[in-house]
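Order of the sequence lines fixes the chain letters, A, B, ..., with proteins taken first and strands second; residue numbering starts at 1 for each chain.
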Amino acid sequence: MTNLATPASPPKSETVHVSLTVNGKPVTVEVDPRTLLVQLLRDHLLLTGTHVGCDTSQCGACVVLMDGDAVKSCTVLAAQADGASVTTIEGLAAGGTLHPMQEAFRENHGLQCGFCTPGMIMTAVDLVAHHGPGLTEQQIREGLDGNLCRCTGYHNIVKSIAAGAQAMAGGSGSGAKVAAE
Amino acid sequence: MTATDASAFSTVTPIGAAVRRKEDHRFLTGKGRYTDDFSRPGQTFAYFLRSPHAHAAIRSIDVSAARAMPGVVDILTGADLAEDKIGDLICGWMIHSKDGSPMKMGSHPALAKGKVRYVGDHVAVVIAESLHQAKDAAAAIAVDYEELPVAAGLATAQEAGAPQLHDIAPRNTAFEWELGDRAATEAAFAKAVRVVSLDLVNNRLAPNAMEPRAAIGEYDAGDEAYTLWTTTQNPHVARLVLSAFVGIAPEHKLRVIAPDVGGGFGSKIFLYAEETVCAWASKRVGRPVKWTAERSESFLSDAHGRDHLTHAELALDAGGRILGFRVHTRANMGAYLSTFASSIPTYLYGTLLSGQYDMPAIYCEVDAVYTNTAPVDAYRGAGRPEATFLVERIMEKAARELGEDPAEFRRKNFITKFPHQTPVILNYDTGDYAASLDKAMQMADIAGFPARKAEAARRGRLRGIGYSAYIEACGLAPSSAVGSLGAGVGLWESAEVRVNPTGNVEVLTGSHSHGQGHETTFAQLVSARLGIPIDQVTIVHGDTDKVQFGMGTYGSRSGAVGMSAIVKALDKVEAKARKIAAYLLEASEGDIEFKDGKFTVAGTDRAVPFAEVALGAYTAHKFPTSEIEPGLKEGAFYDPINFTFPAGCHICEVEVDPETGVTDIVKFTAVDDFGVVINPMIVEGQVHGGIAQGIGQALLEGVTYDSDGQLVTGSYMDYTMPRADDVPRFDVGLTETRCTTNPLGIKGCGEAGAIAAPAAVINAMTDALGTEDVPMPATPATVWRICEAQAAARRAAE
Ligand code: FES
Ligand code: FES
């Protein structure tokens, strides 16, 4: 349905105080209570690696890890993240070294325009945490239910995640049996 | 496909190697820079008040209450545009009707002047300190609409008495175009032993690049110059249109920057109202103006794709050979003619109706129709998917009516001699259609299909197989050819190769990458040619202040045209470097050889590496500068001499569950002939993405308006995008015939999947279901209804 009307505003001049940890650093910000976590990250902390691709919580471009679980940061109020620990795509690489999942996406051409990529990678890291390194092609495809990509046709994303899962477990990362050609 | 792992960037990268992408590091670490990631000091936020009606006259707009709302900086309407003499948005391709009259282009202001023509049309813009404040104020604008009757349906909009969108266009008809030889085609049908006919709907699609469109306009009062950051596939064309037609600023006072762009698929070629308003308003308010689409706005006002109604007939002789083809298509243009809208259902559609087949006569008529819906323009493939769907559906139907094997029926009609002049303008330079058919059939294990079908039947499932032997015209395009067909621009490309004194290289290109990986493939080409490591090469694109001019990226043109321009510039660089090397080596120029990054005196071991020649060019100590200018920088404009003709064969195998209507694509095989491939990894990725979009069109996607012109599919809750679990893995293979008309032999690969896949899927569905009548999208509900009707018919017959 088209979204033409805008809800009336809440009372003005109210702000809320949010303290959280982002990529290992403590931060405290004053925000409008309507502020979403993704807006806090992008607009207040200038962490623009987390993207917004929709307004109905369906594309997953905004996925970050909150206390270790993947969440859609467009669907969490900043105030709800008070006290939480949030990891964004900017916080995934350790020092100059890419996380194995990032490396797997690079190696397997799991990205084209790159817009969905941060959400895909954060979701992938969460999938491995829940299913372990041996997750199947079907588990990967089902696990990407909340993430849209318009560029890749998913083929190489699935391949990347399988390889990244193995690499996270200390495997070579190249021996993925899923979607191998 | 396995290919060399040339992942180390410090190596020279040969053409044909699967070099990992240079741009990936920034995208993988969240350092990509998309338009919405930019913030300008003092920026304001724009929010567009859009029409809730599909067709209405605007009696008045009262902004007084809204103006008084907190944070509001300004509110602008069509009256303000008029006051500043800002021109309409234009359509840049003139099409003439068969009676010779020019197309009827209805006025298309960036903000409505007196009338709105589709839901989502732009009524006013609120500019405020924050987006929340802009939205709040927009809700307080009082617009007095007089609702008008709506022409929402393509099928009825041309009828007498249908509501009229534009006074200039009676019967809502923008043009009635024809192509081909009518008399010859009639004569072919008169001789026909069999005529196969087909009525088709090509469903309307929403492009849905994952990055929503966005823009930031900024005016510098000191320089009296504008900068516009925007999500465009062709920044120079945007600047040209904004300057020459809309009249925002002279070209040299307007800089357009297209930074990282998150997918385009055609939808970001066009100049839209929003970026126009951001640029214009930035001077009015004296501050930067930023706008980013919400997805629901993308659905409402990004140009849609496809949307054809077609009746076609194929004339065959006694041996099943094609004698003639005639086509009548109604193409929905939406409420206004978007930037390239008129070219899509005409020169990018009618010219492809010969497909891979030897057709002696073709006649095609296209009516372009206004409706009270969003504008329709290019979407991945743009005209060519519509042509392929039609040709490949009617070929399949013809084979079935004749009781012939669909592959052999196609083979019998293939063009086998090249060059081949079709009856619809195009001259195919080269191809081998049997080769891609054979390879695809082998990869798809056609021989094993009957057994798989029988096995599925035992489980109560319906298996089907479908072919799509497509062709496309890419490498857009020879400028004189498109000029003679009505294009308002040339379609050449530019490149500039700047060699720095230390020997590294910057290449400025007029192409634009929004996922295609130009920073890698273009650099790969330069690395291979100059024999320098790929990390010594930087590709610069997407900024009109850096790149002088260019035509941008669409129509699978960046390889065939953009890279050809780079080759031309590299030729000049090498020629000059040879002269300089001759002086450095104290040899005659004719004795200098250039190979593996070294200039060598033939037959000796005296050599200088490329980097030393570069330095020599700038120190200019060792050659007479009266003969050779110092420096090493060359530019080129490359204009193609023909289109390129990628072609191939896609085969889809489906299994349908008649109890639920759910379709499972069990195997999808694609074999494509793209000519020479620079980077097979990137090419395969392009094929994958295109196929997924094609499967989306066939099984899932469809934009729907109700009879009041309300958009029913306005979000991801109503418009079904392909998700990872909706598509299979893809089996992709290549065949190669070199393109004969450009220096690299490249044909282009960006659109093949979206062009080929819909026909392959629907041919498989019609095979599985045993009926020719399977509409797109063939959703489970649709398929279930077909299966239920068949079951009811069977019961009645018993
Ligand atoms: S932005 Fe689309 S799900 Fe969050
Ligand atoms: S890479 Fe472009 S949307 Fe996924």
**Full working for side-chain contact (heavy atoms from CB on, under 4.5 Å) between Phe105(A) and Leu28(B)** = CA-CA 8 Å; Phe105(A) 269 69; Leu28(B) 289 167; 3.7 Å; yes
**Asked** Going through the distances and angles, do Glu211(B) and His51(A) end up as a side-chain contact (heavy atoms from CB on, under 4.5 Å)?
**Response** CA-CA 8 Å; Glu211(B) 179 206 21; His51(A) 298 150; over 6 Å; no
**Asked** Hey, mind stepping through Met681(B) and Asn108(A) against side-chain contact (heavy atoms from CB on, under 4.5 Å) and telling me if it holds?
**Response** CA-CA 9 Å; Met681(B) 177 191 80; Asn108(A) 292 285; over 6 Å; no
**Prompt:** Between Cys151(A) and Phe265(B), is a side-chain contact (heavy atoms from CB on, under 4.5 Å) present by the stated rule, with each step listed?
**Reply:** CA-CA 9 Å; Cys151(A) 297; Phe265(B) 315 112; 3.7 Å; yes
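With respect to chain B, the highest number of heavy-atom pairs below 4.5 Å among Leu47(A), Thr56(A), Thr117(A), Leu144(A) belongs to Thr56(A). Most heavy-atom pairs under 4.5 Å with chain A, from the set Gln686(B), Arg380(B), His514(B), Gln693(B): that is Gln693(B). With chain B as partner, the option from Gly114(A), Gly49(A), Gly53(A) having the largest number of non-hydrogen pairs under 4.5 angstrom is Gly53(A).
Using a cutoff of 4.0 Å between basic side-chain nitrogens and carboxylate oxygens, Asp726(B) and Arg141(A) are not scored as salt-bridged. A salt bridge links Arg729(B) to Glu137(A): one of the charged nitrogens lies within less than 4.0 Å of a carboxylate oxygen. In this structure, Asp43(A) does not pair ionically with Lys290(B), as no charged nitrogen and carboxylate oxygen lie closer than 4.0 Å. Electrostatic pairing of Glu684(B) and Lys159(A) does not count as a salt bridge here, judged by no charged N lying under 4.0 Å from a carboxylate O.
Here CD of Gln112(A) is found 9.5 Å from OG of Ser513(B). Values are rounded to the nearest 0.5 Å. Remark: Met717(B) CE to Ser57(A) OG distance equals 9.5 Å, nearest 0.5 Å. Once rounded to the nearest 0.5 Å, the distance linking NE2 of His25(B) with CD of Gln102(A) reads 7.5 Å.
Leu98(A) touches chain B through its side chain: at least one heavy atom from C-beta onward sits under 4.5 Å away, while N, CA, C and O do not. With a 4.5 angstrom heavy-atom cutoff, Asp260(B) does not touch chain A via any of its atoms. Contact annotation for Leu92(A): neither backbone nor side-chain heavy atoms come within less than 4.5 Å of a heavy atom of chain B. Heavy atoms closer than 4.5 Å to chain B are found in the backbone of Thr152(A), but not in its side chain. Residue Phe115(A) touches chain B through both its backbone and its side chain, counting heavy-atom pairs closer than 4.5 Å. If you measure heavy-atom distances from Val687(B) to chain A, you find no contacts under 4.5 Å at all. Using a 4.5 Å cut-off between heavy atoms, Gln516(B) does not touch chain A at all. Using a 4.5 Å cut-off between heavy atoms, Ile682(B) touches chain A through backbone and side chain atoms alike. Within the 4.5 angstrom heavy-atom criterion, atoms from both the backbone and the side chain of Tyr716(B) approach chain A.
For the pair Ala692(B) and Gly153(A), the tightest heavy-atom approach, listed with the atom from each and the gap, is CB-CA, 3.4 Å. Between Glu142(A) and Asp725(B), the shortest heavy-atom distance links the atoms CG-OD2, 3.7 Å. Smallest separation of non-hydrogen atoms from Leu148(A) and Met721(B): CD2-CB, 3.6 Å. Here the shortest heavy-atom pairing between Arg150(A) and Pro722(B) reads NH1-CD, 3.5 Å. Leu111(A) approaches Arg21(B) most closely through the heavy-atom pair O-NH2, 3.5 Å. Heavy atoms only, all atoms of each residue included: Cys59(A) and Met210(B) are closest at CB-CE, 3.6 Å.
Residues Arg723(B) and Gln58(A) are in side-chain contact: their nearest non-hydrogen atoms beyond the backbone lie under 4.5 Å apart.
With Arg295(B) contributing its side chain and Asp55(A) its backbone, the two residues share no donor-acceptor pair below 3.5 Å. With Glu294(B) contributing its side chain and Cys54(A) its backbone, the two residues share no donor-acceptor pair below 3.5 Å. Formation of a donor-acceptor pair under 3.5 Å by the Arg33(B) side chain with backbone atoms of Thr48(A) is not found in this model.
Residues meeting the ring pair (Phe, Tyr, Trp, His ring centres under 6.0 Å) test with His99(A), sequence neighbours left out: none.
Below 30°, between 30° and 60°, or above 60°: for His155(A) and Phe730(B) the angle between ring planes is below 30°, a parallel geometry.
Residue pairs meeting the ring pair (Phe, Tyr, Trp, His ring centres under 6.0 Å) criterion with at least one partner in residues 53-91 of chain A, sequence neighbours excluded, do not occur; the list is empty.
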